[in-house]
K.L.:
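Just dropping this structure here.
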There are 4 protein chains.
Amino acid sequence: MTRLKDLREEEPKKPAARWRRRKEARPSEILEAAMDVFAEKGLTGARMEDIAARAGVTKGTIYLYFANKAAVFQALVTEAIGERVKQAGAMVDAYEGPTPELMANVLRFIGAVLVTTNRAALPKLVIGEIAQFPELQEFYRRAVIDRGLAVWEKILKRGIARGEFRPVPTGHVARICIAPLLVAALWRTLFAQFDTEPYDIDGLIETHVDVLLRGLAADGASA
Amino acid sequence: MTRLKDLREEEPKKPAARWRRRKEARPSEILEAAMDVFAEKGLTGARMEDIAARAGVTKGTIYLYFANKAAVFQALVTEAIGERVKQAGAMVDAYEGPTPELMANVLRFIGAVLVTTNRAALPKLVIGEIAQFPELQEFYRRAVIDRGLAVWEKILKRGIARGEFRPVPTGHVARICIAPLLVAALWRTLFAQFDTEPYDIDGLIETHVDVLLRGLAADGASA
Amino acid sequence: MTRLKDLREEEPKKPAARWRRRKEARPSEILEAAMDVFAEKGLTGARMEDIAARAGVTKGTIYLYFANKAAVFQALVTEAIGERVKQAGAMVDAYEGPTPELMANVLRFIGAVLVTTNRAALPKLVIGEIAQFPELQEFYRRAVIDRGLAVWEKILKRGIARGEFRPVPTGHVARICIAPLLVAALWRTLFAQFDTEPYDIDGLIETHVDVLLRGLAADGASA
Amino acid sequence: MTRLKDLREEEPKKPAARWRRRKEARPSEILEAAMDVFAEKGLTGARMEDIAARAGVTKGTIYLYFANKAAVFQALVTEAIGERVKQAGAMVDAYEGPTPELMANVLRFIGAVLVTTNRAALPKLVIGEIAQFPELQEFYRRAVIDRGLAVWEKILKRGIARGEFRPVPTGHVARICIAPLLVAALWRTLFAQFDTEPYDIDGLIETHVDVLLRGLAADGASA
DNA sequence: TATGAATGAGTCTTCATTCAT
DNA sequence: TATGAATGAAGACTCATTCAT
């Protein structure tokens with residue numbers, strides 16, 4: 001509580017009343033800012049004040065919308081990934097062409113996201129600091145990892161069923177499909193700054209598509 | 001700003017007297033303890049006191065051997081990985097059999113390390129927190145990543161030169177070779193606790209060997 | 001430093017219009033709510049938002065009627081006690097029966113207030129937190145304590161003058177008269193929750209009346 | 001963790017190495033300081049930094065000995081009161097003279113403590129802020145209040161048994177015995193500053209002894 | 001009048017690092 | 001060499017108060 005003696009101190013501040021009512025927009029503005037700051041500094045390294053400043057508000061405002069830093073992170077992950085994975089599953093169900101083509105398309109799409117958006121930083125964040133947030137850890141495992149792998153298994157089983165792929169353990173191969181994407185995301189996040197010319201992520205994806213499809217191809221099939 | 005060369009400046013000057021075994025052993029005891037604690041709590045989450053306690057010494061003692069927490073981490077990485085990569089390069093040079101076999105052996109060896117040692121936690125550590133230590137970041141890039149990739153490229157070029165592999169962009173493929181190993185390490189570190197039965201890393205490696213070698217095989221070669 | 005006279009400067013100027021009942025009622029509604037919340041959480045622990053919520057308004061509204069939290073507290077004390085003490089003095093002046101009876105009646109009346117109203121929490125509040133509000137502290141001393149003691153001294157002097165009480169130092173005895181009431185109020189506020197059956201405050205009062213009147217009785221008088 | 005960039009900042013501070021090893025003495029030094037600061041500002045108003053400064057250490061040091069502010073308070077109360085009450089009980093058991101004399105002695109002894117030590121501030125502290133520390137509340141009720149009342153009841157029953165006091169409800173009278181002492185402590189803590197000449201606590205005690213013993217005296221007994 | 005989004009000063013608490021012993 | 005008491009900078013979070021609407 002303000003001590004009485006302070007009541008008259010009325011400093012001559014009030015520089016500019018840049019005061020806005022933004023109840024609707026605030027949460028996503030904050031999450032956007034948080035994504036940037038987390039990407040730069042990591043979960044622990046990011047100060048709430050940094051996030052607030054980047055969002056154009058002050059510390060206290062964040063607490064109007066999120067209970068604490070972990071809650072900001074969880075909302076971020078939920079919004080940024082959980083939703084996408086669900087969509088991806090639907091897309092695969094709707095696809096009608098040959099499976100190798102489908103697989104190549106999905107890989108190229110994810111590759112493009114990694115190259116062009118700041119979402120590429122999420123793997124680093126999740127890998128690095130999720131262990132400190134047990135609830136988030138389980139949530140992430142279920143909502144993102146398991147569901148994402150399920151989509152890949154679905155693709156693989158489709159290819160095997162249609163005689164395009166030889167029989168393989170789909171659980172393992174699903175991870176092998178994703179692995180180079182993870183490497184690409186981490187590369188961009190952690191080591192790209194030391195490359196004189198930017199690492200060619202598209203080239204990595206294309207090579208992955210090439211080697212993987214040839215590795216999976218059924219004997220009679222043409223990669 | 002502290003340069004890397006300063007980080008271990010306090011390293012024991014190895015005073016002639018060897019009659020006390022502990023002095024010699026201290027640094028690696030501390031690193032061993034640090035590996036455990038870092039694996040559990042992450043770089044930021046690990047308290048110097050935790051490391052000291054696990055090593056059976058007190059906080060102050062660590063500072064006799066390492067300038068600060070970052071120096072402990074750097075020494076750990078240097079010892080745990082840097083050295084291995086150098087050895088691996090030499091092993092590849094000395095190998096005389098067919099390249100697919102060499103590649104399978106290397107993958108299986110790394111896989112075994114991931115399954116059996118606490119070194120599996122290092123990728124998580126490095127990925128999560130290296131960004132906060134710029135010097136360490138560059139060191140790691142040069143000493144571990146670049147050198148590790150070089151070894152893989154050497155293997156790939158050997159296979160191409162011997163007609164066992166078709167021509168592929170070795171830089172990209174090197175990353176593809178490693179990627180599933182990274183996934184395995186992260187899985188064990190981050191998500192294994194939610195599996196009712198442990199994830200079959202050996203199976204992943206074997207599948208990777210199978211798909212990769214078939215994907216790389218020269219047209220006339222047998223995978 | 002804010003003077004006391006400023007504390008309610010924002011008090012509604014009672015604009016002629018009376019067609020809106022709420023405006024008139026607001027301040028006392030807020031004080032009623034504040035009494036409850038203060039009783040539960042103490043001055044510092046009570047959040048303006050809690051008070052507002054209990055009063056069915058929002059934070060900002062409170063500041064229309066009271067300059068700050070201290071002003072709310074002061075208004076509360078003024079209304080809840082100051083006024084009563086004045087009335088009590090008048091009652092004593094008007095009384096015509098024997099003094100022991102008067103004294104017993106007053107003690108029983110205060111006892112009943114302590115048992116039945118939430119005013120019993122005021123001593124705890126005042127004792128615990130008044131020190132942080134120097135102006136309030138002096139106000140309370142003058143308006144409540146001194147005037148309350150004066151009433152008791154008046155009673156005692158009346159009894160001595162009428163030969164009902166033996167001569168005693170009335171200043172000290174006035175405090176002795178009140179003391180068990182204070183104990184009762186504090187008991188109910190702080191420790192009652194640990195009693196399996198509620199503490200018998202009426203019994204305390206009756207015992208106090210008994211012991212006190214016998215202790216004060218003039219030699220020839222009948223207690 | 002200190003960022004690497006900070007490592008060389010080595011400001012030219014280090015004004016004076018007034019560094020002492022005081023493991024033994026620290027806790028009681030801190031409690032002594034805490035008593036003073038709590039007495040002045042209350043539990044909530046007291047900043048850990050204030051306490052540390054008064055004890056001649058820094059904030060962090062307090063946390064070497066106490067888990068948090070509540071723990072400091074609890075230790076203070078335990079040490080300051082709990083122990084005394086136990087001793088008082090033993091003293092009463094050992095007493096052999098007439099009960100009125102015993103009672104007068106105990107009242108005078110407590111009165112002297114209230115007049116001469118800063119322990120007089122404890123009632124204010126406990127009353128004001130104990131409600132925020134439920135564990136402490138129950139502890140205090142059991143260890144101080146109940147045990148203290150038990151001592152007084154023991155005295156009263158002794159007097160009744162010996163025919164010195166008339167039969168009275170000892171539970172109520174025990175509270176009546178203590179009540180003026182509480183008033184004295186609170187007076188000294190809260191309102192004494194407004195008296196031009198200090199309130200005569202000894203006079204209050206003597207008057208209390210006089211009125212109380214006369215009020216309790218058995219018919220044939222001489223007060 | 002009333003609202004409630006926004007502010008930001010204030011405080012507890014943690015922990016890497018220092019240094020007298 | 002080793003200890004561990006002490007330091008103090010740093011950051012999460014709270015909440016009284018303000019003020020555009």
K.L.:
Which of these nucleotides, F:dT3, E:dA6, F:dA12, is closest to any side-chain atom of B:Val57?
P.N.:
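From the listed options, F:dT3 comes nearest.
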
K.L.:
Just the rounded figure in Å: distance from C1' of E:dG10 to CZ of D:Arg47.
P.N.:
8 Å

K.L.:
Kindly point out which of F:dC15, F:dC13, F:dA2 is positioned nearest to the side chain of A:Lys69?
P.N.:
F:dC13

K.L.:
Tell me, do B:Phe38 and B:Asn118 make a side-chain contact under 4.5 Å, heavy atoms counted?
P.N.:
no

K.L.:
Expressed in angstrom and rounded to an integer, what is the separation of A:Ile51 atom CD1 from F:dC13 atom C1'?
P.N.:
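It is 13 Å, rounded to the nearest whole Å.
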
K.L.:
Categorize A:Ala46 for me: base, sugar-phosphate, or nothing, with a 4.0 angstrom heavy-atom threshold over every strand shown.
P.N.:
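Sugar-phosphate contact only.
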
K.L.:
Taking salt bridge (charged side-chain N to carboxylate O under 4.0 Å, His left out) as the criterion, tell me which of B:Glu32, B:Glu40, B:Glu49 meets it with B:Arg54.
P.N.:
B:Glu40

K.L.:
Would you kindly give the CD1-to-C1' distance between C:Ile62 and E:dG4, to the nearest whole Å?
P.N.:
13 Å

K.L.:
Strictly distance-based, threshold 3.5 Å: is any side-chain N or O of B:Lys41 a donor or acceptor partner for the main-chain N or O of B:Arg47?
P.N.:
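Not a single qualifying donor-acceptor pair exists.
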
K.L.:
Could you pick out which residue, D:Ala67 or C:Gly60, lies toward the 5' side of DNA chain E when each is mapped onto its nearest nucleotide?
P.N.:
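On the 5' side of the pair lies C:Gly60.
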
K.L.:
For DNA chain F, what is the dot-bracket line, given that a base pair needs Watson-Crick (N1 to N3, plus N6-O4 or O6-N4) or G-U wobble (N1-O2 and O6-N3) geometry with both distances under 3.5 Å, and | means paired with another strand?
P.N.:
.||||||||||||||||||||

K.L.:
OP1, OP2 of E:dA6 versus side-chain N and O of A:Tyr65: anything below 4.0 Å?
P.N.:
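Checking A:Tyr65 against E:dA6: at least one side-chain N or O falls below 4.0 Å of OP1 or OP2.
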
K.L.:
Measure from CG on D:Leu64 to C1' on E:dA16 and round the result to the nearest Å.
P.N.:
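Spelled out: CG on D:Leu64 to C1' on E:dA16 is 14 Å.
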
K.L.:
B:Ile127 and A:Lys124: which non-hydrogen atoms are nearest, and at how many Å?
P.N.:
O-CG, 3.2 Å

K.L.:
From CE of C:Met48 over to P of E:dA5, roughly how many Å is that when rounded to an integer?
P.N.:
18 Å

K.L.:
How far apart are the closest heavy atoms of C:Leu76 and C:Ala34, and which atoms are they?
P.N.:
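Result for this residue pair: CD2-C, 4.4 Å.
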
K.L.:
Looking at D:Lys59 and E:dT13, is any side-chain donor or acceptor paired with a base atom of the opposite kind under 3.5 Å?
P.N.:
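Indeed there is one.
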
K.L.:
Mind running side-chain contact (heavy atoms from CB on, under 4.5 Å) on B:Phe66 and B:Gln74 for me, showing each step along the way?
P.N.:
CA-CA 10 Å; B:Phe66 303 95; B:Gln74 193 199 356; over 6 Å; no

K.L.:
Where do C:Ala46 and C:Lys69 come nearest, in terms of heavy atoms and distance?
P.N.:
O-NZ, 2.7 Å

K.L.:
In this structure, how many angstroms lie between the P atom of E:dT14 and the CZ atom of D:Phe66, rounded?
P.N.:
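So the two atoms are 15 Å apart, to the nearest Å.
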
K.L.:
C:Asp50 has an atom CG; how far is it from atom C1' of F:dT14, in whole Å?
P.N.:
12 Å

K.L.:
Between P on F:dT3 and CD on B:Glu49, what's the gap in Å once rounded to a whole number?
P.N.:
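These atoms are roughly 12 Å apart.
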
K.L.:
Determine: side-chain N/O of B:Thr58 to OP1/OP2 of F:dA2, distance under 4.0 Å, yes or no.
P.N.:
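No, B:Thr58 has no side-chain N/O under 4.0 Å of OP1/OP2 on F:dA2.
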
K.L.:
Report yes if at least one side-chain N or O of D:Thr61 is closer than 4.0 Å to OP1 or OP2 of F:dA5; otherwise report no.
P.N.:
no

K.L.:
Taking OP1 and OP2 of E:dC15, is either one under 4.0 Å from a side-chain nitrogen or oxygen of D:Tyr63?
P.N.:
no

